[in-house]
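Worksheet: one structure, shown below.
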There are 2 protein chains.
Amino acid sequence: MTVGDPAPADLSGRRSTRQRSALVALLEELDEFRSAQDLHALLRARGDAVGLATVYRTLQSLVDDGQLDVLRSTDGEAAYRRCSPSHHHHLVCRSCGRTVEVADPPVERWAARMAAEHGFTDVQHQVEVFGTCAACTTAPS
Amino acid sequence: MTVGDPAPADLSGRRSTRQRSALVALLEELDEFRSAQDLHALLRARGDAVGLATVYRTLQSLVDDGQLDVLRSTDGEAAYRRCSPSHHHHLVCRSCGRTVEVADPPVERWAARMAAEHGFTDVQHQVEVFGTCAACTTAPS
DNA sequence: GATGTTCATGAGAATCATTCTCGCACAGCG
DNA sequence: CGCTGTGCGAGAATGATTCTCATGAACATC
């Protein structure tokens, strides 16, 4: 502490490494929510092997920086996806994982008003709709 | 059966056991979401010792029968709470865990319509609003 | 009440995602 | 070019949840 220590708490002051770049690039190409395990396997499959611990660590930091959306599926696994610029929710197929983004201003307002009425502040809401998409409904399991 | 059947309200022919009754009774007294581990500890504390596996199994069956609400906290732990008769969502204080139930017919309709428009069937939705309640906002952390 | 079938129970092992440990490598800086 | 601290990774640790399977209880029947 006695040494000159500005500690600039810079969110973007992350080092640029091969592993981090590979993960960010992969996420850039994907449109659906994928689990950490999944992303790890995909990286390995494409030749950009990255340690599992690193995947988790990097994912965590990206979430902290607000660059990723996290979703917790009903089986307790966390799924990640790059953040869209605008706020939105998802319609997720519980069979094939296909995701449709849906915007819904009314719900936004509703959540805010509801929270305010009960004295809640610093509000966040989480709206996910799960179902079986048309393709999976017709396809035999 | 010759005696008048008290009808234990078993929806799907579940056997009435001491363990199941104890868990149901406990849930009946609680108003907040509690984790399975938590419920297990509470049962043991009050003398109604029940195996952990049984707690999970019973909780699962109650959820299947629609008698419990499940919530997945951000750390991946599942929390259970008895279900209100009508469908509703929650406003949860992320600091003290206090929960407020909120009904919202508009959102129900919106989710159903949205899903239908995209060809999704067998739809379920999950809406949770997290925030800091009035008490926790004023109180120092 | 006695009895047999079947399902629930529970102790511990197994599973699985996620996090931690800690020695080593490398990015960024002088 | 060499320092220094941060990021990496293999494997161990953690912790919640699920599975295994022998035992016991619940319910219908006799």
Side-chain angles (χ1 to χ4, degrees), chain A residues 1-26 33-44 47-65 67-68 70-80 97, chain B residues 1-26 33-44 47-65 68 70-80:
Chain A
M1 292 297 276
T2 53
V3 198
D5 191 346
D10 43 6
L11 296 182
S12 50
R14 251 113 201 181
R15 284 191 183 174
S16 153
T17 66
R18 177 185 65 78
Q19 293 85 345
R20 190 180 184 83
S21 303
L23 183 54
V24 170
L26 175 61
F33 280 91
R34 307 304 281 262
S35 69
Q37 302 280 345
D38 226 352
L39 293 169
H40 175 242
L42 286 170
L43 283 175
R44 179 177 295 184
D48 289 326
V50 172
L52 183 56
T54 301
V55 171
Y56 277 100
R57 226 172 351 220
T58 307
L59 245 22
Q60 197 65 51
S61 75
L62 288 171
V63 169
D64 289 345
D65 291 354
Q67 295 177 46
L68 285 186
V70 199
L71 199 64
R72 259 179 204 279
S73 56
T74 47
D75 65 339
E77 220 180 347
Y80 302 82
Chain B
M1 216 23 139
T2 53
V3 192
D5 197 326
D10 259 334
L11 297 183
S12 42
R14 248 120 200 174
R15 286 187 182 174
S16 155
T17 65
R18 176 185 67 76
Q19 294 85 345
R20 190 180 184 83
S21 303
L23 183 54
V24 170
L26 175 61
F33 280 90
R34 308 303 281 262
S35 70
Q37 302 280 346
D38 226 353
L39 293 169
H40 175 243
L42 286 170
L43 282 175
R44 179 175 295 185
D48 289 326
V50 171
L52 183 56
T54 301
V55 171
Y56 276 101
R57 227 172 350 222
T58 306
L59 245 22
Q60 196 65 49
S61 74
L62 288 172
V63 169
D64 290 344
D65 291 353
L68 285 186
V70 199
L71 201 64
R72 259 177 204 282
S73 56
T74 47
D75 65 341
E77 216 179 351
Y80 303 82

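Each chain gets a letter, A, B and so on, in the order its sequence line appears, and its residues count up from 1. This is a predicted model, so every value here is computed, not measured.
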Provide, to the nearest angstrom, the distance between the [atom1] atom belonging to [X] and the [atom2] atom belonging to [N].
| X | N | atom1 | atom2 | value |
| --- | --- | --- | --- | --- |
| A:R14 | D:dT6 | CZ | C1' | 11 Å |
| A:L23 | D:dG7 | CG | C1' | 14 Å |
| A:Q19 | D:dC8 | CD | P | 5 Å |
| B:L52 | D:dC19 | CG | P | 14 Å |

| said: Donor-acceptor pair, distance only, cut-off 3.5 Å: does the side chain of B:H40 make one with the backbone of B:V50? | reply: yes
| said: Five pairs per end, C1' atoms only: what is the angle between the end axes of the helix from C:dG1-D:dC30 to C:dG30-D:dC1, to 10 degrees? | reply: 30°
| query | The side chain of B:R15 lies closest to which of these nucleotides: D:dC19, D:dG5, D:dA25? | reply | D:dA25
How long is the straight-line distance from [atom2] of [Y] back to [atom1] of [X], given to the nearest 0.5 Å?
| X | Y | atom1 | atom2 | value |
| --- | --- | --- | --- | --- |
| B:F33 | B:L39 | CZ | CG | 11.5 Å |
| A:L43 | A:T54 | CG | OG1 | 10.5 Å |
| B:Q60 | B:L68 | CD | CG | 10.0 Å |
| B:S35 | B:L71 | OG | CG | 12.0 Å |
| B:Q19 | B:T17 | CD | OG1 | 4.5 Å |

Verify the contact: side-chain N or O of [X] to OP1 or OP2 of [N], cut-off strictly under 4.0 Å; return yes or no.
| X | N | result |
| --- | --- | --- |
| B:Y56 | D:dT18 | no |
| A:T17 | D:dC8 | yes |
| A:R18 | D:dG9 | yes |

| query | Does anything in residues 34-43 of chain B reach DNA chain C, meaning a heavy atom under 4.0 Å, and if so which residues? | reply | none
Could you tell me whether the side chain of [Y] reaches within less than 4.5 Å of the side chain of [X], counting heavy atoms only?
| X | Y | result |
| --- | --- | --- |
| A:E77 | A:D38 | no |
| B:L62 | B:R20 | yes |
| A:R34 | A:L42 | yes |
| A:Q67 | A:V24 | no |

| field | Sugar-phosphate only, base, or nothing, as touched by A:R72 at under 4.0 Å among non-hydrogen atoms | value | nothing
| query | Closest nucleotide of DNA chain D for A:R44 versus for B:A79: which of these residues is on the 5' side? | reply | A:R44
| message | Below 4.0 Å from chain A heavy atoms, what is the first contacting nucleotide of DNA chain C and what is the last? | response | C:dA17 to C:dG28
| task | Would you name the heavy atoms of B:L23 and B:V55 that are closest together and state the gap between them? | result | CD2-O, 4.1 Å
